Colleague: 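Input: one structure, supplied below.
All heavy atoms count here, side chains included; hydrogens, waters and symmetry mates do not. What you see is a predicted model, and the numbers here were worked out from it, not measured in a lab. Lettering follows sequence order; numbering is per chain, from 1.
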Amino acid sequence: MNEFRDWDIVIAPGRSEKNYWKDLWRFRELFYILSWRDIKVRYKQTVIGAAWAIIRPTLTMVVFTFVFGKVAKLPSEGTAPYALMVFAGLLPWQFFSSSLSEASNSLLGNTNLITKVYFPRMIIPASAVITSFVDFSISFGLLVLMMIGYQFVPSWHIVFLPLFLLLAFGASFGVSLFLTALNVKYRDFRYIIPFIVQFGLYISPVGFSSSIVPEQWKFLYACNPMVSVIDGFRWCILGEVHLEWNTLLISVGVTILFLIIGVHYFRRTEKSFADNI
Amino acid sequence: MPQPIIKVENLSKNFIIRHEANSGGRYTSLREVITEKIKRLGKKKVEPFSQQEEFWALQDVSFSVEQSNRVGIIGRNGAGKSTLLKILSQITEPTSGSVRIKGRVASLLEVGTGFHPELTGRENIFLNGAILGMSRAEIRGKFDEIVAFAETEKFLDTPVKRYSSGMYVRLAFAVAAHLEPEILIVDEVLSVGDVEFQKKCLGKMKDVASHGRTVIFVSHNMTAVNSLCQTCIYLSGGRIKSIGKTDAIINDYLSSESLYGTERQWTSRMPGDEVAVLHAARIINKDHKKIETIYIHQPIGIEFDYEILKPGFKPIPNIHIFTNRGETAFVSGENNIDIFSRTGRFKSIMWIPPNLLNENTYIVGLALSTISPLKVHFFEVEALMFNAIENLSLRESDYNQPFPGVVRPSLKWQTELKN
């Protein structure tokens, strides 16, 4: 490999592997600016703009509180109001689901970039995840307002929130990368993604509390990485929630697995994106 | 001996083309994959998954480029030019072979890549700059220069969706023109925008190259290639057909590709009606010999053969000359039409005097029409196409830049001292 030493760029089959992470760093400004563009366009284009980030979770919360709390009369976590419990779970879930939907379409929406310019393609789904995070932040502000409204003081557990946020990022990014790559390869995959998102909402503890899940299903239930993220959010914000360490470990494991599969599959297919898209 | 800055060795790229019986698009769908697999499971017979055909977009391409060289890549559509540029820009991977590059590469395969219509001109400058590989500090430093070059000061805070197409292109090129990579790769971007601006761009690119940068330029515009590049690579069918000094390579290209059809015959489905049909057309020199290379300093004739099938009409043969941008350069018709009162095969020649055409690609439309009552018997709009080139050494003035205009007649001048 000595003959390659004097050269800055070597293009050969399979060579792009070697510089990948270095390139990702080199293109970080592009990542900032693409995220900035997505956020800017998102709030510029829609008539109600940022209000959408507030209206959507609020309405969902009202419906869930009514259906699960009032009609089905499911128990809340400890003494927390049902609405707060729902909202604390809804936040990470909406972050996850909007990351999935935005990221999986992001490459197709940026076809012109992919066929005309070189950069590590991972930047595009990553910036879609960031855009969803901005929505999350706005909704989080709403949660703070609700807590003030309910005069609810969070427990000291709140200091661990960043860790669960990190887990939410990991799960969103890993699954998104995998689906994004699949979506470029199989174009009918876009019909499956809304289904995954919808289905996921019911197997994740968004409208209900994990405490009502029967013991024999706990293991399978824990394989959904969002279970621990949501439970963790509730544990941090509401305090007196029982957080199961086994569940948490399984979820962290599954998240890491998804990240590895996601990154690996994405990078394997990435090279041919420009040819396939 | 100067060191090469780009070294390409045995570069090949193939694509698999699928011929699937019942799929309309070029995309694989999961549904198809699953149904195919199930079908194959049932049949228990090994059948090809789908008929596949290999297509070599590039085959065994090797060359090297030295620093501050300006290299043109020419060839007809599908010859592999774009694939080569895409590999050099790292957008797609080669199947085999290697490319080694020293320095930073910026590629401009399209004007305004990533421009977002909702964003303002100012925002798009930063966005596009980042996409092309400039850092924010670099863009900020050149911002005023870019805006001045694009001449869009007044509209900086207007979303680009409200820009005219001319403004849009100017702004987009301005950003790209201020890139300062060691190697600049440019694809056919000059085909957009007005003539004035195209010239400004070409000038800017020469400027870039004179500062020690290397330029790789792909274009169908031979005049642009000729004026910008010192060496040329001619690709044909994915292979290098010839490589060398620009003049020689362009000549080779123009004469070996029938792309610039300087001769044509219609054997079946001849253009025409019940009165007259067109048979053949060709470009000739003053000795009535067919020619393929057209110099603007020499007279040329456009000759066409047709047949009058019905007497009693007084059709006028006429020729329309268009530029490759679709402007009509001029139209000319035969005056002596009494000859057409009878049927038979005819031949008409229109002579174009020397020093009338400009350096340009011209498209020849051949027509035969009766004026009164008006009836068009045939009008073959793209009958012939040729590139008029100039031998710079024959220019009488010291001005060595291209002349604007669809034609460039040599006119009589009179100047005298008056005092």
Side-chain angles (χ1 to χ4, degrees), chain A residues 3-17 19 23 26-34 36-38 40-46 108-121 123 182-192 270-277, chain B residues 3 5-9 11 13 15-16 25-33 86-110 112-119 123-124 126-137 159 182-183 187:
Chain A
E3 49 174 337
F4 291 141
R5 196 179 285 157
D6 296 342
W7 303 87
D8 296 322
I9 303 170
V10 175
I11 304 166
R15 280 290 297 189
S16 60
E17 304 288 312
N19 298 325
D23 274 357
R26 199 157 64 86
F27 281 89
R28 64 192 183 283
E29 275 204 9
L30 182 62
F31 170 60
Y32 304 148
I33 209 152
L34 282 181
W36 165 83
R37 175 198 71 174
D38 287 349
K40 186 123 192 173
V41 169
R42 187 179 174 102
Y43 293 122
K44 225 176 191 174
Q45 250 170 355
T46 51
L108 298 182
N110 283 293
T111 307
N112 58 336
L113 283 190
I114 288 166
T115 53
K116 301 290 179 194
V117 190
Y118 165 75
F119 56 88
R121 310 305 187 199
I123 286 178
L182 277 173
N183 200 25
V184 174
K185 193 148 186 206
Y186 305 109
R187 288 307 167 84
D188 52 352
F189 218 80
R190 68 198 153 109
Y191 302 115
I192 302 173
E270 178 178 33
K271 289 168 267 177
S272 56
F273 282 166
D275 302 332
N276 285 339
I277 210 156
Chain B
Q3 286 293 309
I5 189 167
I6 303 175
K7 201 166 179 189
V8 176
E9 281 175 324
L11 202 66
K13 166 97 187 169
F15 289 99
I16 309 272
R26 49 194 262 258
Y27 311 119
T28 330
S29 81
L30 194 62
R31 182 177 50 80
E32 278 168 11
V33 173
K86 279 187 176 173
I87 293 175
L88 290 178
S89 329
Q90 290 178 274
I91 293 164
T92 163
E93 267 204 336
T95 309
S96 64
S98 69
V99 180
R100 281 171 255 173
I101 296 172
K102 270 182 203 159
R104 205 168 72 138
V105 181
S107 41
L108 189 55
L109 302 193
E110 176 190 59
T113 304
F115 260 46
H116 200 290
E118 293 288 337
L119 299 178
E123 289 163 345
N124 269 310
F126 280 93
L127 175 62
N128 190 233
I131 287 169
L132 294 172
M134 280 193 255
S135 70
R136 251 178 303 181
E182 280 86 6
I183 299 163
D187 188 10

Colleague: Which distance, rounded to the nearest 0.5 Å, do you find between the CG of A:Asn112 and the CG of B:Leu109?
Modeller: 12.0 Å
Colleague: Can you see which heavy atom on B:Phe126 is nearest to which on A:Ile33, and at what distance?
Modeller: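 Heavy atoms only, the tightest pair is O-CD1, 3.4 Å.
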Colleague: Heavy atoms only: give me the nearest A:Leu113-B:Gly114 pair and the separation to one decimal.
Modeller: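 For A:Leu113 and B:Gly114, the tightest heavy-atom pair comes out as CD2-CA, 3.7 Å.
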Colleague: Among the options B:Ile6, B:Ile91, B:Leu88, B:Ile5, pick out the one with the most heavy-atom pairs lying under 4.5 Å from chain A.
Modeller: B:Ile91
Colleague: Quick one: CZ on A:Arg37 to NE2 on B:His116, what's the gap to the nearest 0.5 Å?
Modeller: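 The NE2 atom of B:His116 is 6.0 Å from CZ of A:Arg37, to the nearest 0.5 Å.
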Colleague: Under 4.5 Å from any heavy atom of chain B, what part of A:Phe189 do you find: side chain, backbone, both or neither?
Modeller: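 It is the side chain, since no backbone atom gets that close.
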Colleague: In a check of side-chain contact (heavy atoms from CB on, under 4.5 Å) between A:Ile11 and each of B:Pro94, B:Ser89, B:Ser98, which one passes?
Modeller: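 With A:Ile11 as partner, B:Pro94, B:Ser89, B:Ser98 yield a single side-chain contact (heavy atoms from CB on, under 4.5 Å), made by B:Pro94.
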Colleague: Check each atom of A:Ile192 against the heavy atoms of chain B and say whether the ones under 4.5 Å are side chain, backbone, both or neither.
Modeller: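 Contact with chain B is through the side chain of A:Ile192 alone.
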Colleague: Which atoms of A:Tyr32 come close to chain B, meaning under 4.5 Å heavy atom to heavy atom: side chain ones, backbone ones, both, or neither?
Modeller: side chain
Colleague: Atom CD in B:Glu93, atom CD in A:Glu270: separation rounded to 0.5 Å?
Modeller: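 Taking CD in B:Glu93 and CD in A:Glu270, the distance rounds to 9.5 Å.
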Colleague: Rounded at 0.5 Å granularity, tell me how far NZ in A:Lys116 sits from CD1 in B:Ile131.
Modeller: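 If we round to the nearest 0.5 Å, A:Lys116:NZ and B:Ile131:CD1 are 13.5 Å apart.
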Colleague: Please state whether the side chain, the backbone, both or neither of B:Lys86 comes within less than 4.5 Å of a heavy atom of chain A.
Modeller: side chain
Colleague: To the nearest 0.5 Å, how far apart are OG in B:Ser135 and CZ in A:Arg28?
Modeller: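 The OG atom of B:Ser135 sits 9.5 Å away from the CZ atom of A:Arg28.
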Colleague: For a quick test of reading the model, state the closest non-hydrogen atom pair linking B:Arg136 to A:Glu29 and the distance between them.
Modeller: N-OE1, 2.7 Å
Colleague: Using heavy-atom distances under 4.5 Å, tell me whether B:Ile87 contacts chain A through its side chain, its backbone, both, or neither.
Modeller: both
Colleague: Tell me, do B:Leu127 and A:Leu34 make a side-chain contact under 4.5 Å, heavy atoms counted?
Modeller: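 Yes, side chains in contact.
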